[in-house]
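Given the structure is predicted, the values throughout are model-derived calculations rather than measurements.
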Amino acid sequence: MKRLRAALRRLVGMFSAGRREREFASEIEGHLQMHIDDNVRAGMTAEEARRDALLKLGGLEQTRQAYRERGTAPFFETLWQDLRFALRQLGKNPGFTTTAVLMLSLGIAASVAIFAFVDAALLKPLPYQDPRTLVDVTESIAVFPHANLSYPDYLDWKKMNHSFRSLDAYQGAGYLLTTPSGVEPVPGLRVTDGFFHTLGVAPLLGRDFYAGEDLLSAPRTVILSYSAWQRRFDGRKDIVGQVVSLSGTSYTIVGVMPDSFEFAPRNNAEFWTTMHAGGSNSCDLRRSCHGLVGVARLNDGVSVAAALADTKAIAQQLERQYPDSNRGQGATVQTLTEAFVGDIRPILLLLLAGAGLLLLIACVNVASLLLVRSESRRREIAVRGALGASPLRLARQFVTEGVLLVFGSTLLGLVFAVLASQALLRLIPKDMLLQMPYLRGLGLNFHAVCFALAIAALATVIFSLTPIVRLSFSEMREGLTECSRGSAGVLWRKIGANLTVLELAIATVLLVGAGLLGKSFYHLLHVELNFQPDHLATLSVALPEKTYTKDEQIVAARRQLLNGIAALPGVTSVATTSVLPVTYNGNTDWIRFVGRDYNGEHNEVNERDVTATFFSTLKTKLIRGRFFNPDEDGTKPRVVIVNQALVKRYFPGQDPVGARIGDTTLSPKSIKEIVGVVDDLRESKLDEETLPAVYYPADQSPDTDFNLIVRTTQDERTLLPTLVSTIHQFDRGIGTSEESTMLRYINESETAYLHRSSAWLVGGFAGMALLLGMIGLYGVIAYSVSQRTREIGVRMALGAQREMVQRMVLKEGGRLAVVGIALGLVCSLATTLLLRSVLFGVQTWDVGTLGGVALLLAAAALLASYIPARRAASINPMEALRAE
Amino acid sequence: MGEKADVWQGTLALMVLKTLESMGALHGYGIARRIEQTSGDVLSLNYGTLYPALLKLEQEGAIVSEWGVSENNRKAKFYKLTRVGRKQLERETSNWEQTTAILARFLGGTEDPA
């Protein structure tokens with residue numbers, strides 16, 4: 001307490017030093033006068049009296065000094081002096097300060113901005129109770145490691161497992177909701193009764209589903225998402241207990257989820273209904289129909305691996321029990337976090353590594369700038385040392401400057417980082433952002449600031465140590481004499497040269513990374529689609545099931561709709577499909593060939609229901625046979641068109657036209673004849689191989705939900721509103737959604753987005769790294785030339801040609817560049833191995849990229865050394881020698 | 001060097017406090033003279049060291065200062081004990097007595113060879 005009080009008064013004392021010293025002067029004056037008076041009174045002469053008084057005081061100046069030190073806090077006072085001096089120093093050299101602060105803050109901003117994403121997506125736990133014990137549980141088959149669960153399997157897994165405290169399942173669903181502005185398809189989710197309980201979240205209003213509420217016998221109930229409650233029901237408190245009609249069925253609203261509730265795989269779901277398996281959905285009760293995803297809470301002390309082993313054992317047992325439906329159906333258990341963010345983890349880590357390398361290069365660059373500066377400050381340091389500054393005090397000066405530099409850069413960097421992360425966030429397509437609720441509220445949080453501080457601390461250490469090491473204090477005396485320059489200059493050139501090699505190597509790694517990513521993005525966008533994606537408008541259509549109950553009604557309605565649309569101006573062709581191309585492998589069917597032995601193995605093929613004009617609308621080539629006829633509906637013999645992949649896999653070297661396929665039991669109803677073979681129309685995502693596929697005539701298995709594809713001669717985007725109004729003119733009860741175009745679909749698909757953003761971001765980092773590397777190389781060469789002015793002068797005086805001098809300097813730069821690039825290429829071979837998982841259609845040792853990067857860097861290095869080489873060649877030997 | 005100064009400072013502070021307690025408000029010179037007199041002129045005090053000690057005590061709140069005029073009409077800063085200072089004096093006096101008592105008992109048996 002006493003000490004604290006004294007320390008505070010001393011700190012405050014720093015600011016009143018002047019007044020205190022004046023006061024003390026008069027106090028001492030009084031003291032001396034009194035002492036002299038006494039001495040005179042004791043019989044001394046005035047002269048003696050004064051000397052005695054001063055003697056007793058023990059020196060006036062020492063007393064003043066001691067008093068001054070006690071009056072303030074010397075440590076802080078020195079710091080204050082150092083800070084002011086450092087500010088003056090930095091201010092005196094605005095070029096250096098601006099460059100250093102800009103480079104550093106850029107590096108810090110890039111790292112912190114990317115880190116904010118990493119933190120939000122990978123480090124922050126999922127917003128559920130004890131998220132580490134939550135797992136994603138699904139079946140797995142050979143072609144899809146993460147396949148869906150069937151409802152009967154789910155029930156058996158739930159009953160037989162010993163690993164899960166609870167196991168629940170969910171499935172995406174769509175409902176038609178009548179709103180004041182017409183019928184609107186709204187996304188929802190069907191869940192089992194314990195779903196929210198397993199996640200550990202409770203409704204904001206009302207109640208959770210109770211046990212057994214998901215059975216067919218229970219009354220239909222629904223829980224609203226917060227946004228649906230706000231947007232569709234004005235946030236009314238009395239909403240619980242009211243009835244809402246979804247696709248013509250009445251549901252009682254029993255609860256509302258809180259605003260903070262999010263569920264990444266289906267975050268746009270507005271209505272959470274219970275499973276009610278076995279109702280209108282014929283898929284539910286079939287063991288071979290897979291539509292669910294499981295989520296489970298592990299029992300205490302059960303690891304994910306143990307749960308996986310347990311579930312796999314159950315799957316094997318079911319395989320034996322139901323060989324027809326469950327053959328080859330394995331199990332996958334992974335943490336819920338892995339299921340939610342596993343896809344973007346490699347990309348985010350890649351970006352973080354890129355930003356880190358950029359930061360490193362910026363640090364190296366600033367460090368070498370500091371070296372140059374410390375070189376030019378040798379005399380200043382030597383003079384201060386000679387005047388009595390202790391080595392510690394001199395070192396403190398550098399530390400202070402380093403801290404100041406880093407502090408300013410960090411502040412600026414944080415501002416840039418906030419702007420950058422907001423900008424990056426805006427670049428993410430809205431549909432994708434919806435699946436990434438964890439990015440909500442992204443920004444400068446506690447973690448990001450800590451990360452920035454850690455970087456700052458590290459940078460401070462580097463920047464403080466660099467000049468201190470450089471100015472080893474034994475050299476201090478030499479610094480006063482000019483002739484010591486030679487040896488010291490060589491030493492510095494060595495350190496500087498090594499730093500430059502490091503910079504060039506890092507730049508190489510980044511450039512190679514960017515080159516590979518760019519190339520793989522190019523490959524991705526130029527992947528063979530086997531259809532023409534331009535001028536195609538797409539729209540998702542949902543006929544109300546209550547109105548269109550019979551197959552014939554659906555067929556008739558669709559034909560009328562298509563005819564109406566085909567008559568629109570500009571429309572050249574129109575078709576529908578059950579799943580749009582370039583979306584995913586999936587929605588598969590198991591097929592079996594008539595007249596062939598069958599071992600029970602599942603032949604997994606993509607199944608699509610398309611109208612007759614589908615292939616001609618997309619302009620997909622027919623290889624053999626024929627397209628569907630417009631009148632091929634349920635009354636005609638069943639037919640199927642297959643793709644090349646299927647022919648390659650199941651009919652190698654044979655003509656499949658005329659062959660017949662059916663389901664696993666070859667039930668008579670399922671037998672279809674192959675009438676045509678089409679090119680491998682890309683059904684899968686851009687970076688996946690398209691599976692074998694079967695196309696059935698949409699009219700032979702009509703469904704109320706389908707996707708419209710319209711080819712037009714005009715801009716396809718302008719057609720979309722007309723399409724919607726045409727459909728609504730036909731029937732106001734039809735829901736339309738996802739108005740888009742095929743090109744937008746492809747360019748804004750998650751795959752394309754992830755590849756594009758990583759290519760651009762790493763490319764940006766690499767570009768900056770290239771620039772910084774050039775600046776670094778230029779700095780080293782230019783400094784070297786300035787140090788060798790005299791040597792060059794002597795050489796020229798002795799007859800060296802200007803070209804020779806120029807070549808000599810260029811050679812120096814070239815040597816560094818070659819070493820740096822070679823080192824960088826070796827490093828990039830190692831580091832790009834980590835890129836493998838995010839590359840598409842490119843090898844990590846792509847010769848073109850490696851060679852291109854080497855050439856680019858060599859050209860940049862040449863440019864960077866050319867300017868100082870020119871300067872060296874233009875040195876006037878007479879002036880150079882006289883200057884010494 | 002540092003250690004000795006600390007010990008000296010500590011005792012000096014105690015002497016200052018004691019002097020101010022017995023004499024009331026007093027200026028720096030007066031305190032110095034009083035300490036010398038009290039010590040029977042055995043202690044030769046470097047007057048200059050007194051002032052940082054006074055400043056320290058003032059910062060700690062043990063004393064307060066005020067400008068005034070000395071008995072022979074010189075302008076001088078007078079120091080006065082505060083309540084905090086009085087308490088500090090009591091505490092340090094008892095500490096000091098305890099320490100000297102222990103040391104006295106400790107050194108009691110041995111004879112100084114000189």
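- Annotation for A/Phe85: atom CZ counts as buried by contact number, over 12 foreign heavy atoms lying within 6.0 Å.
- Contacts between A/Ile28 and chain B at a heavy-atom distance below 4.5 Å involve the side chain alone, from C-beta outward.
- Annotation: salt bridge (charged side-chain N to carboxylate O under 4.0 Å, His left out) contacts involving residues 43-52 of chain A, sequence neighbours excluded, are absent.
- The minimum heavy-atom distance linking A/Leu57 with B/Asn46 is given by the pair O-OD1, 2.8 Å.
- In this structure, chain A has a heavy atom under 4.5 Å from the side chain of B/Gln88, while its backbone stays farther away.
- Taken from CE in A/Met34 to NZ in B/Lys75, the straight-line distance is 11.5 Å, to the nearest 0.5 Å.
- Among residues 60-67 of chain B, the residues having any heavy atom closer than 4.5 Å to a heavy atom of chain A are, in sequence order, B/Glu60, B/Gly61, B/Trp67.
- The salt bridge (charged side-chain N to carboxylate O under 4.0 Å, His left out) analysis of residues 21-33 of chain B, with sequence neighbours excluded, yields the pairs A/Asp38-B/Arg33, B/Lys18-B/Glu21.
- Of the residues considered (A/Gly58, A/Ala53, A/Gly30), A/Gly58 shows the highest number of contacts with chain B, using heavy-atom pairs under 4.5 Å.
- Exactly one of B/Tyr51, B/Tyr47, B/Tyr29 qualifies for a side-chain hydrogen bond (donor to acceptor under 3.5 Å, both in side chains) with A/His31. That residue is B/Tyr51.
- With values rounded to the nearest 0.5 angstrom, B/Arg74 atom CZ is found 4.0 Å from A/Gln33 atom CD.
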Can you give the donor-acceptor pairs under 3.5 Å from side chains of residues 17-24 of chain A to other protein atoms, not counting sequence neighbours?
unit_1  : atom_1 : unit_2  : atom_2 : d
A/Arg19 : NH1    : A/Glu23 : OE2    : 3.4
A/Arg20 : NH1    : A/Gly13 : O      : 3.2
A/Arg20 : NH2    : A/Gly13 : O      : 3.4
A/Glu21 : OE2    : A/Arg68 : NE     : 2.8
A/Glu23 : OE1    : B/Lys77 : NZ     : 3.1

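- Interatomic distance, CG of B/Leu54 versus CD of A/Glu27, reported as 7.0 Å (0.5 Å rounding).
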